[in-house]
Number of protein chains: 2
Amino acid sequence: MKHSAEQHLIRHGVHPTAMRLLVLEYLLDNRTAASLGQLEREFYRSDKATLYRTLKTFEKKGLIHGVNVGGTTVYLLCRENCSAEGHFDVHPHFFCTVCARTICLPQAKMPLFELPEDFDIQEINLILKGRCDECAD
Amino acid sequence: MKHSAEQHLIRHGVHPTAMRLLVLEYLLDNRTAASLGQLEREFYRSDKATLYRTLKTFEKKGLIHGVNVGGTTVYLLCRENCSAEGHFDVHPHFFCTVCARTICLPQAKMPLFELPEDFDIQEINLILKGRCDECAD
DNA sequence: TTATCCCCTGCAACCTGGTTGCAAAGTCAG
DNA sequence: CTGACTTTGCAACCAGGTTGCAGGGGATAA
């Protein structure tokens with residue numbers, strides 16, 4: 001456990017401090033997206049700024065990616081093909097309006113768009129909202 | 001001018017006050033999305049809360065719809081098929097990273113998704129980011 | 001016309017999420 | 001052990017969004 005998280009940090013060039021290990025392990029365990037606010041609540045002993053900077057460091061080094069869902073940014077673990085050079089796992093995300101979890105949908109393909117005129121698309125942001133499998137009635 | 005905006009308000013059951021006419025005309029003229037902040041800057045004599053409530057009223061009555069693009073909500077005029085009963089013009093939006101305008105793309109079809117398990121999709125949020133036709137090099 | 005009521009507006013305050021400066025504490029190499 | 005660099009915690013700040021409250025203005029009933 002500890003080891004794998006630590007290795008993960010080192011592999012991405014992030015100095016493995018106690019704080020960072022805790023946050024990374026939380027993300028690994030939870031397997032769902034976490035917002036700054038969630039981390040604040042989870043690690044109420046530590047400071048918002050530290051958590052914020054931890055997330056920013058992780059994002060910059062390619063461990064996690066942020067998704068803006070309805071005003072707040074949630075962070076999810078990246079798959080293997082991401083690094084400090086860039087995030088390459090572009091895929092839709094699903095936000096459950098019941099349990100408020102955000103889930104990656106890497107299996108769902110991003111749609112291709114041909115816009116009529118000379119629009120230059122650099123980024124696609126696709127969020128599906130509804131009930132997840134666990135919250136469906 | 002005045003008449004059409006006024007009619008538009010009345011048709012949607014919104015009492016046409018001076019404030020509301022100004023905001024609606026601004027939206028009609030600009031033909032691009034406006035955020036609360038933009039309106040605040042444009043109508044610096046009036047209050048944020050009033051502008052906020054104006055937008056909310058318009059949205060509730062089906063005149064405009066809000067799109068969350070990277071943290072802030074921008075509002076765009078609805079097409080004909082919206083009303084207080086609901087917003088039915090679901091379509092992608094394009095956000096230009098150069099001029100920061102948000103544009104409706106009603107001509108682009110929303111993709112259909114079949115999610116593997118019993119996910120219940122209620123809403124699709126699709127935002128394309130890049131350079132618009134006017135800002136392309 | 002006057003009194004009444006309701007809706008609209010402006011002011012102020014507040015909350016949340018995000019962000020930065022600064023100084024203390026910790027880490028590590030020489 | 002010392003000095004340099006990194007990480008952390010505290011505080012403060014900012015923007016966007018939101019609400020309560022009181023005053024004003026217009027429509028309506030008496």
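Chain letters run A, B, ... following the sequence lines, proteins first and then strands; every chain starts at 1.
- Of all nucleotides listed (D:dC21, D:dT8, C:dT19), D:dC21 comes nearest to the side chain of B:R53.
- Considering only side-chain N and O atoms, A:T17 lies under 4.0 angstrom from the phosphate OP1 or OP2 of D:dT8.
- Counting non-hydrogen atoms under 4.0 angstrom, B:S35 reaches nothing in the nucleic acid.
- The side chain of A:T73 contributes an N or O atom lying less than 4.0 Å from OP1 or OP2 of C:dG18.
- With a 4.5 Å cut-off on side-chain heavy atoms, B:F119 and A:I103 count as touching.
- In this structure, B:Y44 atom OH and C:dC11 atom P are separated by 14 Å, rounded to whole Å.
- A:M19 has its CE atom 15 Å from the P atom of C:dG26, to the nearest Å.
- Note on A:T50: a side-chain N or O is less than 4.0 Å away from OP1 or OP2 of D:dG9.
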Throw together a table of side-chain donor-acceptor distances under 3.5 angstrom for residues 120-132 of chain B, partners on residues two or more places apart or in other chains.
| from | atom 1 | to | atom 2 | distance (Å) |
| --- | --- | --- | --- | --- |
| B:R131 | NH1 | B:C135 | O | 3.2 |

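- For D:dG17, neither phosphate oxygen OP1 nor OP2 lies less than 4.0 angstrom from any side-chain nitrogen or oxygen of B:K56.
- Listed pair A:T54 / D:dT7 fails the phosphate criterion, with no side-chain N or O lying under 4.0 Å from OP1 or OP2.
- A straight line from CG of B:D47 to C1' of D:dG20 spans 13 Å, rounded to a whole angstrom.
- In this structure, CG of B:L39 is placed 13 Å from P of C:dG10, rounded to the nearest angstrom.
- In this structure, the CG atom of A:L36 is 13 Å from the P atom of C:dT20, given to the nearest Å.
- For the OP1/OP2 pair of D:dT18 and a distance below 4.0 Å, the side-chain nitrogens and oxygens of B:Y52 include at least one atom meeting the criterion.
- With distances taken from any side-chain atom of A:K48 to the nucleotides D:dG9, D:dG17, C:dG18, the minimum falls on C:dG18.
- Between A:H15 and C:dC28 there is a side-chain N or O to OP1 or OP2 distance below 4.0 Å.
- Between the CG atom of A:L55 and the P atom of C:dT20 there is a distance of 14 Å, given to the nearest Å.
- With distances taken from any side-chain atom of B:A49 to the nucleotides C:dT19, D:dA11, C:dC11, the minimum falls on C:dC11.
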Item to check | Working for ring pair (Phe, Tyr, Trp, His ring centres under 6.0 Å), residues A:Y75 and A:F58 | outcome: CA-CA 10 Å; A:Y75 295 89; A:F58 284 6; 9.5 Å; no
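- For B:Y52, there are no ring pair (Phe, Tyr, Trp, His ring centres under 6.0 Å) partners, not counting sequence neighbours.
- Between A:H15 and A:R20 the shortest heavy-atom distance is O-NH1, 2.9 Å.
- At whole-Å resolution of the value, CZ in B:R20 and P in D:dG26 are 14 Å apart.
- Here D:dT18 presents its P atom at 14 Å from CG of B:L51, a figure rounded to the nearest Å.
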